[in-house]
Amino acid sequence: MAHEYSVKIHDYLTSKIVAVQKEKKKAQSLDDSENLLFYNGQLEELFSIRKYLTDKIDLDTQKYYKWYV
């Protein structure tokens, strides 16, 4: 399994994205703009990392993650 680590990394990133999106929804419901900005920044970083992996490291024929956004 040559790309087992890629799968694990994508699973980790996806779990973090889902967790941050839940926290972002809580912040939106509480009208907490400070935390909302924080969670938006976290999502931007996580998506940036995932895009880098997809563009530079992953095989073109494989997709290891699900888009939740």
Side-chain angles (χ1 to χ4, degrees):
M1 294 196 179
H3 296 284
E4 181 179 353
Y5 292 113
S6 289
V7 172
K8 288 183 180 185
I9 291 169
H10 279 290
D11 287 346
Y12 174 79
L13 290 172
T14 300
S15 70
K16 288 294 184 184
I17 288 169
V18 170
V20 171
Q21 286 175 331
K22 286 180 184 177
E23 293 299 319
K24 180 181 171 182
K25 284 183 183 178
K26 286 182 192 175
Q28 284 175 330
S29 69
L30 297 173
D31 199 27
D32 185 354
S33 61
E34 185 175 318
N35 279 326
L36 191 58
L37 289 171
F38 173 73
Y39 295 130
N40 283 334
Q42 279 191 323
L43 287 172
E44 186 177 322
E45 288 177 356
L46 290 166
F47 284 123
S48 173
I49 293 167
R50 190 158 68 180
K51 181 169 178 11
Y52 175 83
L53 290 173
T54 301
D55 293 344
K56 305 287 184 183
I57 297 171
D58 294 341
L59 294 175
D60 291 337
T61 59
Q62 300 290 325
K63 293 222 182 203
Y64 303 112
Y65 54 89
K66 298 176 185 170
W67 290 100
Y68 285 97
V69 175

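Scope of the values below: all heavy atoms of this structure, side chains included, with no hydrogens, waters or symmetry mates.
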### Query
Are V20 and L37 linked, directly or through other ILVMFWY residues, by side chains that come within less than 4.5 angstrom of each other?
no

### Query
Do side-chain atoms of S48 reach the backbone of E44 as a donor and acceptor pair under 3.5 angstrom?
no

#### Entry: Spatial distance of atom OH (Y39) from atom NZ (K26) [nearest 0.5 Å]
8.0 Å

### Message
What's the separation between atom CD in Q21 and atom CG in N40, rounded to the nearest 0.5 Å?
### Response
10.5 Å

#### Entry: Separation of Q42 CD from K16 NZ (nearest 0.5 Å)
8.5 Å

### Connected via hydrophobic side-chain network under 4.5 Å: L36 and V18
no

### Task
Begin from the C-alpha positions of N35 and L30 and carry the test side chain to side chain contact (heavy atoms under 4.5 Å, CB included) through to its verdict.
CA-CA 10 Å; N35 279 326; L30 297 173; over 6 Å; no

### Query
Taking all atoms of both residues into account, what is the closest heavy-atom pair of F47 and I17, and its distance?
CE2-CD1, 3.6 Å

